[in-house]
Amino acid sequence: MSRGNFSNKLGFIMAAAGSAVGLGNIWKFPYEVGIGGGAAFLLMYLAFCFILCFPVMVAEISIGRKTQRNAVGAFRALGFAKWSIIGKMGVASGVLILSFYNVVAGWAFGYFIEMLFGNFDISNHFGEYIGLEGTHAIKVVGYTIIFMISTSMIVSKGISGGIEKAARTLMPLLVIIIVSLILYSLTLPNAMKGIEFYLVPDFSKINFEVVYTALSHAFFSLSLGMGALITYGSYVSKQDNILSSAALITLADVGIAFIAGLMIFPFVFSQNIDPQEGPGLVFVALPKVFASLGAFWGQAIGSLFFLLLSFAALTSTVSLLEVPVSYVVDEHKMNRTKAVWLTSLVIFIIGIPSLLSQGASNFFTSFIWYGGADKAKDFLTLVEDIGINTFLPLGGLLTSIFTAYVWKTKNLSEEIAQGNSKYNGSLLMKLIDTAIVYICPVVLSGLFILIVLSKFFGIHIV
Ligand code: PFF
């Protein structure tokens, strides 16, 4: 049975960029910049994306294309069955991340409906909204279910008909709306204060917490460290140029995160909102801006924005689901449709505690205490800490060690050279080899140990 393929190079780039661009860029990135002190965080994030993540991305795509297998089967197909643990961790990360990502995507979709009906006041009730108070409960739970079902429907349609088609239409629309909102945001009072916060670095703000948040965010944002790009790479043609594809995916992702920041900080400062607001930042700041546009324009632009944010999330949830699904289809020979519905049901159930952890259930809201935090963390934060902050950098580290010392860079170069005849012996090849063999293993293992010690055990060495 054919596994399916992307229809061409652009199709792959759009799907992979669709995976990369999501809530991470528009919801998570701005609030992390806010907490991390602005431009200093931005610089760290950019450095990690280009120096550490780009080589790992090239390795993931190459492993996928070489073997034409899912994240687990790929390591086996290369002859290193023991290393398929990286893929298994990837499948687990996909399941964990999607379980809470779907919840946040449900909030974004719900805000689309609220804006459509002109309920800008919702921004003053964000806590009650995600806490599922009163009538919010039925709505928010319903939106989460709708989101999971939409994701499943796209993934069950397969690669070119489902995943690729969705990304091709939705991505360009997203860029258009963000750019229009930037132009508007710059006309607001205090806009320049926002731009200054975002673009002029204050290095005194950098501490270890900022460094590791930027690192794990770089992996999360580029969909790396969990085999998503091994999986997508497995549907790529041998004629395609992996390097230029990876470069375009990275630039698209970083570019959209960057412009999301340009859009949000003028808004935040013009509304006198604290940039350290945290996960509520876009949900609190933006509706106030839309309200200031007056009923008609506010409803039109506000609903369009949250609709597109939902679509950006959808092209990401699709790739998160594709990782476990392709594993079940390839390795357990299950039919795609059955694999999709079964996996999404399991993921939805695992996500229920996250859904209840924002106030609805005391048990899940004050769930666990670790790492010397001053109060107990909620279930969603725990899943984020394991799935994003631990598994992704670890997955990236192990992928670089595997590529450098087990599979060997000679084989990596051979795969890249297919579709790029000038690669062998080029300067670029030397740079990528050096990054994979030395820079990624050394820097990532050092940072990873420090992350785990500080995040989970409250031991701060630096
Ligand atoms: N990159 C996505 C975002 O920024 O929202 C999240 C994500 C998707 C992470 C797919 C990992 C992944 F495999």
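Whatever order the structure lists them in is the order used to number ligands and atoms, beginning at 1. The chain is numbered in sequence order, starting from 1.
Aromatic ring centroids of Tyr143 and Phe112 lie 6.0 Å or more apart.
Scored by the side chain to side chain donor-acceptor pair (under 3.5 Å) test, Arg69 finds no partners at all (sequence neighbours excluded). The ring-ring contact (aromatic ring centres under 6.0 Å, His included) test applied to Tyr45 returns Phe29, His217, not counting sequence neighbours. Applying the side-chain contact (heavy atoms from CB on, under 4.5 Å) rule to Ala105 yields the partners Leu23, Phe147, Ala313; only residues at least two apart in sequence or on another chain are considered.
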Measure from every N or O atom of ligand 1 to the protein's N or O atoms and keep only the pairs below 3.5 Å, writing each with atom names and distance to 0.1 Å.
residue  : atom  : partner : partner atom : Å
ligand 1 : 1 (N) : Ser19   : O            : 3.1
ligand 1 : 1 (N) : Ala20   : O            : 2.9
ligand 1 : 1 (N) : Phe220  : O            : 2.8
ligand 1 : 1 (N) : Ser221  : O            : 3.1
ligand 1 : 1 (N) : Ser223  : OG           : 3.1
ligand 1 : 4 (O) : Ala20   : O            : 2.9
ligand 1 : 4 (O) : Gly24   : N            : 3.4
ligand 1 : 4 (O) : Asn25   : OD1          : 3.4
ligand 1 : 5 (O) : Leu23   : N            : 3.2
ligand 1 : 5 (O) : Gly24   : N            : 2.8
ligand 1 : 5 (O) : Tyr101  : OH           : 2.5

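Counting heavy atoms of neighbouring residues, nucleotides and ligands inside a 6.0 Å radius, atom NZ of Lys455 exceeds 12 of them.
For Asn70 and Ser326, the side-chain atoms include no donor-acceptor pair closer than 3.5 Å.
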